[in-house]
Amino acid sequence: KANIRRSMGRLKGDGMATAGLIMGYLSAATIPVILIIAAIAIPNLLRAKIAANESGAASTVRSITVSQITYSTQYPDHGYASDLATLGPGASGSCGGEGTAEHACLLDNILGGSQCTAGQWCAKAGYTYSISGVCNSAGVCSNYVVTARPVTIDSTGRKTFCSTSDSVIRVRSSGSLATPPTADECAEWPPLS
């Protein structure tokens, strides 16, 4: 009986050792497979994120353009808004009542915040936005250019968008864009298809 128990113990121990070796080889074999899957999935996820940011940026430029049209209709003596802050709710961050020519309440506090004045870029969802008004000495703006550029090129987006009072959204492949284009420069970009 003692010999049988010893033999069974050896078989049991050998079986555990064999199982450990098999599991070790399987683990070592699965690591390259996991790395290959990650190498395929991560760039695809990044491309999907960039595409979503670009789509959102084009949509936001469209919303800002509609807000500009609304503003010029509601406040014809002012023409178009000279900056994003004018289209927003003002320093309070909310619109309790009607908007005014100074704070029209046509954009949310993220894009139309009080810090989003002329020459400033305001960030939303991987892009920064700016409006430059084309205004006369009396402050009446006959045109504008709204610009959306990626926060980080090739990470949050690859395209830059612009639009003017003609309401056509235009696009170009990004490079470094430190300042918004003029209305004439924007008009030379190809329309978004």
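All residue numbers in this chain count up from 1 along the given sequence. Computed over heavy atoms, backbone and side chain alike; hydrogens, waters and symmetry mates excluded. None of the values given here were measured: they were computed from a predicted structure.
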Does any part of the side chain of Asp77, heavy atoms only, come nearer than 4.5 Å to the side chain of Val140, both counted from C-beta?
no
Could you report the tightest heavy-atom contact between Ile169 and Ala58, atom names first, then the distance?
CD1-O, 3.7 Å
Using modelled atom types only, decide if a donor and an acceptor are shared between the side chain of Ser55 and the backbone of Ala51 within a distance under 3.5 Å.
no
His103 versus Thr86: any side-chain heavy-atom pair under 4.5 Å?
no
Here the pair of heavy atoms bringing Cys122 nearest to Leu84 is CB-CD1, 4.5 Å
Check whether any side-chain heavy atom of Ser142 sits under 4.5 Å from a side-chain heavy atom of Tyr80, and report yes or no.
no
Hey, what do you get for OG (Ser165) to CD1 (Ile69), rounding to the nearest 0.5 Å?
9.0 Å
How about Thr60 and Leu111: do any of their side-chain heavy atoms sit closer than 4.5 Å?
yes
Rounded to the nearest 0.5 Å, how far apart are CG of Asp154 and CD1 of Ile50?
6.0 Å
Any sub-3.5 Å donor-acceptor pair from Ser63's side-chain atoms to Ser59's backbone N or O?
yes
To the nearest 0.5 angstrom, please state how far the OG atom of Ser67 sits from the CG atom of Leu107.
4.0 Å
Step by step, would you call Arg170 with Thr164 a side chain to side chain contact (heavy atoms under 4.5 Å, CB included)?
CA-CA 9 Å; Arg170 295 180 169 83; Thr164 64; 4.3 Å; yes
Find out whether Tyr127 and Phe161 are in side-chain contact, i.e. whether some heavy atom of one side chain is under 4.5 Å from a heavy atom of the other.
yes
Just by distance, do the side chain of Gln120 and the backbone of Gln115 share a donor-acceptor pair under 3.5 Å?
no
Of all heavy-atom pairs between Ala85 and Gly113, which one has the smallest distance, and what is that distance?
CB-O, 3.4 Å
If only side-chain N and O atoms count, and only distance matters, is there a donor-acceptor pair under 3.5 Å linking Thr160 with Arg149?
no
Where the side chain of Gln68 meets the backbone of Ala81, is there a donor-acceptor pair that is under 3.5 Å apart?
yes
Between Tyr71 and Tyr75, what is the ring plane arrangement, given parallel below 30°, perpendicular above 60°, and tilted in between?
tilted
For Ser82 and Ala118, which heavy atoms make the closest approach, and how far apart are they?
O-CB, 4.3 Å
With side chains defined as the heavy atoms from C-beta onward, is the minimum distance between Tyr129 and Cys116 less than 4.5 Å?
no
Any Arg172 side-chain heavy atom under 4.5 Å of Lys159 side chain:
no
Walk me through it: do Val168 and Leu192 pass the test side chain to side chain contact (heavy atoms under 4.5 Å, CB included)?
CA-CA 8 Å; Val168 176; Leu192 181 65; over 6 Å; no
Locate the shortest heavy-atom distance separating Ser163 from Cys186; write the atom from each residue and the value.
N-SG, 3.6 Å
N/O donor-acceptor pair under 3.5 Å between Asn53 side chain and Thr156 backbone
yes
One should read off an interatomic distance between Cys162 SG and Glu185 CD, to the nearest 0.5 angstrom, of 9.5 Å
State whether a side-chain donor-acceptor pair under 3.5 Å links Asp83 with Thr117.
no
Between Tyr144 and Thr65, is a side chain to side chain contact (heavy atoms under 4.5 Å, CB included) present by the stated rule, with each step listed?
CA-CA 9 Å; Tyr144 67 91; Thr65 300; 3.3 Å; yes
Distance col, row Leu87:CG vs Leu106:CG, nearest 0.5 angstrom, shows 6.0 Å
Considering non-hydrogen atoms only, spot the tightest contact between Val134 and Ala183 and give its length.
CG2-CB, 4.4 Å
Determine, step by step, whether Val145 and Thr182 satisfy the side chain to side chain contact (heavy atoms under 4.5 Å, CB included) criterion, reporting the C-alpha distance in whole Å, the side-chain angles of both residues, the deciding distance to 0.1 Å, and the verdict.
CA-CA 7 Å; Val145 59; Thr182 65; 5.9 Å; no
Flag, side chain of Ser155 to backbone of Thr152, donor-acceptor distance under 3.5 Å:
no
